Number of protein chains: 2
Amino acid sequence: MEKQSVTIYTVAREANVSMATVSRVVNGNQNVKPETRDKVLAVIKKLNYRPNAVARGLASKKTTTIGVVIPDITNDYFAELALGIDDIATMYKYNMILTNSDADGSSAIKVVQNLFAKQVDGVIFMGHDIEDQLQAEFSKATVPVVVAGSLTNDKNIPSVRIDYEQATKEAVSFLLKHGNKKVALLIGSRETTINKFNRIPGYKAALKQAHVKFNDSLVFEADDSYENGYKLAKQMVKKGITAAFVSDDSSAAGLLNGLTDSNVKVPEDFEIITGNDTKLATITRPTLTSITQPLYDVGAVAMRLLTKLMSNDNDDEEKQPVILQHGFEERQSTR
Amino acid sequence: MEKQSVTIYTVAREANVSMATVSRVVNGNQNVKPETRDKVLAVIKKLNYRPNAVARGLASKKTTTIGVVIPDITNDYFAELALGIDDIATMYKYNMILTNSDADGSSAIKVVQNLFAKQVDGVIFMGHDIEDQLQAEFSKATVPVVVAGSLTNDKNIPSVRIDYEQATKEAVSFLLKHGNKKVALLIGSRETTINKFNRIPGYKAALKQAHVKFNDSLVFEADDSYENGYKLAKQMVKKGITAAFVSDDSSAAGLLNGLTDSNVKVPEDFEIITGNDTKLATITRPTLTSITQPLYDVGAVAMRLLTKLMSNDNDDEEKQPVILQHGFEERQSTR
DNA sequence: ATGAAAGCGCTAACAT
DNA sequence: ATGTTAGCGCTTTCAT
């Protein structure tokens, strides 16, 4: 019950100084005589005093806590971004409140509002589905928000990511050059910004360059998951498709295994390129040819950007999207 | 700068009531005349008032935030536990501060102390390496701590898990029955409670039952990771080992691929059983025979237990470990 | 270099 | 049913 009974006041009395001095010592303020500092430090140690971060947050209006929204913590793509975020956050002494936006009955908006209510100093949002209402919430937020590993069409919401359009184009062009006539595109919802304005245009650009007509039925929408990829294998084969660019690695792994289990040989009869380059891409057999991207860095850079925004308050320069370089690695799922 | 300028006081004034009444409305206290409630609610909506959780936390000494320690967010085992934790936490209106204990320079103890400083209402600890000093920290904590997916040898620290000793024994016995003379055990550090007091004894029990002499050089220690498993493949083959029980799925997947890449056929020439039954076990080819366990439930039950402990204060009944049922699923990595 | 005192925004007795 | 008031534990002017 007597949670945290030793307060700054206890220390002050015990050390014969005012709370202000104790506060200064705790916060590393230089205006304290060395002897006083040592005396206070000794008492702090003796009493095992630990500052109450909640009280500190209320008084200073800074919680040294950020909010991180993640659609699915068990998806390697987001987990690897989160690792980068957390490492840098730790480095800057921030904690992160992590919330699954896919969780039971909690819309992303509620989740974000709750984060703001907890007075987080900033938010990193992961996920592709950023509806207008959510963007509005971000815009009127009093703390900075950074989107990691995706993007919105609101120019005022900074993001850290790769060039998804160009990456998609490269992958699809590669598949086309191998003589595949029917190249599928497997993505999440077509209505998300990343798919509507980046991946689908990239896909179309590749087709155009190869003088292949766009066929809408070759675009597959499915939530990112192994199971969904697996299920689509038969459908694709039935349609005469011989290659696919899959944005999510779990889906790509599912597709691969679905094909293999249907006795379709990869890469001989079907080529796959995946988009995220998580560990999964090298665990499957055959391994997955992939667009490569520095996932950890995307998270880490997003967090770095957030720290800047949290201190600068209003530097519009910082709102530019940060585009990291992507690459391409041929593995066993392409010829 | 004017972060959260509308406070409970603003609402009170605007609605011509006292802050206490507003507080009652916000907290769903029944002692408010319906008309008053409506009036206040209207003002809240109009002003878009959102209670400041930090102030609330300071005044009430409850933050509705729990701390969750995870060794590696990109390891499916922990990620799936975390998913269960988060779902139940959300259900009970708790947020979770997630901290990677493997992160740069942050020992588990510091991480936990920081969590307490943030006044979390409880902690769920994941990870196998729980040294004495950390256990001491848990014991003197003023808020409850639950270990999920592992255990300590301190009877006063509740845990939610499966019977690792029995599970290991079953797996190893299975391998022995298939005529394997040299069965390896691949685990993390032998000094962790889970390995020292559960898995190794389970391994030994199986050997004893089959009248096979324990050979210490068949026990391999390596941090859970795909790479470590992969590297060990050659060593194991060189030693004439023909089967292994691997506690972690990433390591098992690595071992499997390492063997395959060395032209050792699984399961014909080498059998593998893995211990965690994450999604990885069905993604590899061949798929991995596995001890099955309800990972999501382990997390979910741990969180449920924590909520009980957080409200009951001191019910010693609740400190009993919760042992969930495990199973065994034969897949393609055993004959 | 140090202290006094006023909050931060809320909850929780205690009155009425 | 509603209001008054005293904190919660700290930071931060403002004095000295």
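Computed over heavy atoms, backbone and side chain alike; hydrogens, waters and symmetry mates excluded. Here is how names work: the chains are called A, B, and so on, in the same order as the sequence lines, proteins then strands, and each is numbered from 1. In this text, all values refer to a predicted model and were calculated from it rather than measured experimentally.
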### Query
Can you check the Arg13(A) CZ to dC10(D) P distance for me, whole Å?
13 Å
### Message
Is any side-chain heavy atom of Asn52(B) closer than 4.5 Å to one of Thr7(B)?
### Response
no
### Message
Output the rounded distance in Å from NZ (Lys62(A)) to C1' (dC10(D)).
### Response
16 Å
### Query
Under 6.0 Å from the CG atom of Asp38(B), do we count more than 12 heavy atoms belonging to anything else shown?
yes
### Query
Using a cut-off of less than 4.0 Å, is there contact between a side-chain N or O of Asn52(B) and OP1 or OP2 of dC8(C)?
no
### Message
Please report the distance, rounded to the nearest Å, between CG in Asn29(B) and P in dA13(C).
### Response
12 Å
#### Entry: side-chain N/O Tyr9(A) vs dG7(D) OP1/OP2, d < 4.0 Å
no
### Task
Return the 5'-most residue of the pair Ala59(B), Val26(A) with respect to DNA chain D, ranking by each residue's nearest nucleotide.
Ala59(B)
### d(CD1, Ile8(B); P, dA12(C)) in whole Å
11 Å
### Query
Are the side chains of Val146(A) and Ser159(A) in touch, meaning some heavy atoms are under 4.5 Å apart?
no
### Query
Would you say the side-chain atoms of Thr99(B) pair up with the backbone N or O of Ser101(B), donor to acceptor, closer than 3.5 Å?
no
### Task
Provide, to the nearest angstrom, the distance between the CG atom belonging to Leu58(B) and the P atom belonging to dC10(D).
9 Å
Which side-chain N or O atoms in residues 22-29 of chain A pair as donor and acceptor under 3.5 Å with protein atoms at least two apart or in another chain?
| residue | atom | partner | partner atom | Å |
| --- | --- | --- | --- | --- |
| Ser23(A) | OG | Asn27(A) | ND2 | 3.3 |
| Asn27(A) | OD1 | Arg56(A) | NH1 | 3.0 |
| Asn27(A) | ND2 | Ser23(A) | O | 2.8 |
| Asn29(A) | OD1 | Asn31(A) | N | 2.8 |

Please enumerate all protein N or O atoms sitting under 3.5 Å from an N or O of nucleotides 2-6 of chain C, with distances to 0.1 Å.
| residue | atom | partner | partner atom | Å |
| --- | --- | --- | --- | --- |
| dT2(C) | OP1 | Thr36(A) | OG1 | 2.4 |
| dT2(C) | OP2 | Lys33(A) | N | 2.6 |
| dT2(C) | OP2 | Thr36(A) | OG1 | 3.3 |
| dG3(C) | OP2 | Ser18(A) | N | 2.8 |
| dG3(C) | OP2 | Ser18(A) | OG | 3.2 |
| dG3(C) | OP2 | Thr21(A) | OG1 | 2.7 |
| dG3(C) | N7 | Arg24(A) | NH1 | 3.4 |
| dG3(C) | N7 | Arg24(A) | NH2 | 3.4 |
| dG3(C) | O6 | Arg24(A) | NH2 | 2.6 |

#### Entry: Interatomic distance, Lys118(B) NZ vs dC8(D) P [rounded to whole Å]
22 Å
### Query
Is there a side-chain contact between Val17(A) and Val40(A) (heavy atoms, below 4.5 Å)?
yes
## Note on the structure
Rounded to 10°, the helix from dA1(C)-dT16(D) to dT16(C)-dA1(D) deviates from straight, judged by its five-pair end axes, by 30°
### Query
Are any of Lys61(A)'s side-chain N or O atoms less than 4.0 Å away from OP1 or OP2 of dG9(C)?
yes
### Query
Between atom CZ in Arg56(A) and atom P in dC8(D), what is the gap in whole Å?
18 Å
### Task
Could you tell me whether the side chain of Thr63(B) reaches within less than 4.5 Å of the side chain of Lys118(B), counting heavy atoms only?
no
### Message
I want to verify a distance call: between dG9(C), dG9(D), dT11(D), whose nearest atom is closest to the Ala55(B) side chain?
### Response
dG9(C)
### Query
Just by distance, do the side chain of Asp297(A) and the backbone of Ala300(A) share a donor-acceptor pair under 3.5 Å?
no
### Query
Within the side chain of Gln135(A), is there an N or O that forms a donor-acceptor pair under 3.5 Å with the backbone of Ile130(A)?
yes
